[in-house]
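So you know, we letter chains A, B, ... as the sequences are listed, proteins then strands, and number each from 1.
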Amino acid sequence: MTELEEPQRLPIADDKDVVRVRQAVRVIALAAKLPLVDQTKLVTAASELARNTLIHGGGGHALVGQVHNGRRAGVRAEFVDTGPGIADLDLAFTDGYTTGSGLGLGLSGSRRLVDEFEIVTAAGEGTRITVTKWAR
Amino acid sequence: MKVDAEARQRLSAFLVTHEEPIVRQWTEIAARTLRGRLTNTELTRQVRDVFGALQAVLGADSDGEIAGAESGESRGALAELSRAWARQGFTPSETAGLVFTVKEVVLGLTESGQAELPTTDFLLLSLVVDDMGLFTFETYTKTRESVIADQTEQLLELSTPVVKLWDGVVAVPLVGTLDSARAQVVMEKLLQTLVDTGSAFAIVDITGVPAVDTQVAQHILKTVVAARLMGAECIISGIRPQIAQTVVALGIEFGDIVTKSNLADALLHALRASGVEVVRRASRDKAF
Amino acid sequence: MDRVPVLKIGEILLVSIQIDLDDQTALQLQEDLSDRIVETGAHGVVIDISALEIVDSFIGRMLSTIAAVSRVLDAETVVVGMRPAVAITLVELGLSLNGVRTALNVDKALEILAEAKQVRGVGVLTVRGSDDVPL
């Protein structure tokens, strides 16, 4: 697995932090020369996941930075919380399933927006979600 | 790969002593496979370049490693050569083989008693040459990849015109096989044109598309939905019978998307929907 | 807290979102708009999102809610200026903005609202004269 280069650590404790994560991801996506549509997809996914961290995970932090795989550049974002974790992953990835007040598209939708999606979670042990988008 | 300095010097001296016969035979052997594609002069020059690179790797300051920082110069020369070979259309084995040939030549020289080289030194030569061959091959592959990437990009740019049919109606006539990447480019370009021209109607004409697969059909459907989100209507025209059958067989739902059998019908639909009535003027000649 | 201004032009309310919305600001806008519709008796709402670089599920839900609430208050909502990249992303995300009318730009939105007004016959009161022959 490729390493996150010069990661930025951003706290996720309130609404404004979600906006800050979005903006940080966009700056890095621009630097990695992601095409506009891919930038938009990644920033949208980051917004969904940061909100998940805030609402379901009770807050946490994000690590964002560039990655390289051979000649290809990419952007990676990790969302980490120490909340209740997710007991039933299959259910959580069902379109429309929600425990909060949202539309239930956060997890399933953001997985469709990125190239790589990795989730590590267990009930009571928090959640870590890592997403990557590669330049074309 | 660290190599004993003494052995390197011995090998280097050996090469200097026998430079003429080595280069001559190397060129002869290489010419057998590459006949006709390079002139003899050209080939001799290139073999000399490879020979030079080999000597540079074995040179006094180097650690005998082709990818090492010390051998920057020899690496540059080799890279240049393999790029040239890739662009001239050499096969991968021809490219690597051209470098490996030197082993055959040296072996021939020692066996016929024209030169003398200890076995350990020959193994060392073999190691260095293998390294060079691998490097050549790697550069060759990279060059091929970039050539393909360039061509793909050019093709995408060439093949996606968006034309204005009427005030507020634009069309994309798609010709040729649609792959996922091209469908995506078309989709983005079409949507951007809607914004730039303020057109509320877009026609995607697929008369010139021989076949669609699930992914491409999905891309077209997504374009239609995206256009709606932006406040524009997308019409698909020119669906061939085979494609219609594929779409149904694949179980793709076209839902309430407007489809027309040809571009003219699609244009008429767009005009009517935007409030334009098309009327054939009654011929005045008949009044006489 | 940031607040998105709501402008009244004739019988129409115009909202142009020029900032990166956080969730609180979005909810505030939702509230402000319904207050203003009732206050002004507006029959149409135009929301310009051309400056938005992303629309995620939260903002998408805000747009749907605004459209639904204003319909209850007898006003039509039109969302205008969605960027192509945003539209493509929304489709991939699986968000269809059901019940939300969209237009390419403000001009087109005003046309849609004028048409809707005609259909509903708002402000048109016909008194039949005695000479009129009933059909």
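Residue pairs meeting the salt bridge (charged side-chain N to carboxylate O under 4.0 Å, His left out) criterion with at least one member in residues 166-176 of chain B, sequence neighbours excluded, are K164(B)-D167(B).
Here the side chain of T102(C) pairs a donor or acceptor atom with the backbone of R228(B) at under 3.5 angstrom.
Using a 4.5 Å heavy-atom cut-off against chain C, the contacting residues of residues 195-214 of chain B are V195(B), G198(B), S199(B), A200(B).
The side-chain hydrogen bond (donor to acceptor under 3.5 Å, both in side chains) test applied to D49(B) returns no partner, not counting sequence neighbours. Every residue meeting the side-chain hydrogen bond (donor to acceptor under 3.5 Å, both in side chains) condition with E92(C), not counting sequence neighbours, appears here in chain and number order: K222(B).
Residue M230(B) comes nearest to P84(C) through the heavy atom pair SD-CA, 3.8 Å, listed as atom of the first residue, atom of the second, then distance. Of all non-hydrogen atoms in L229(B) and L95(C), the two that sit nearest each other are CD1-O, 4.2 Å. Of all heavy-atom pairs between A87(C) and A226(B), the closest is CB-O, 3.6 Å.
No part of T89(C) comes within reach of chain B, as not one of its non-hydrogen atoms sits under 4.5 angstrom from that chain.
Looking only at heavy-atom pairs under 4.5 Å with chain B, the residue among L104(C), V91(C), N105(C) that has the most is L104(C).
For CD of E80(B), the number of neighbouring non-hydrogen atoms (other residues, nucleotides, ligands) closer than 6.0 Å is 12 at most.
The structure places OG1 of T223(B) at 7.5 Å from CD1 of I88(C), a figure rounded to the nearest 0.5 Å.
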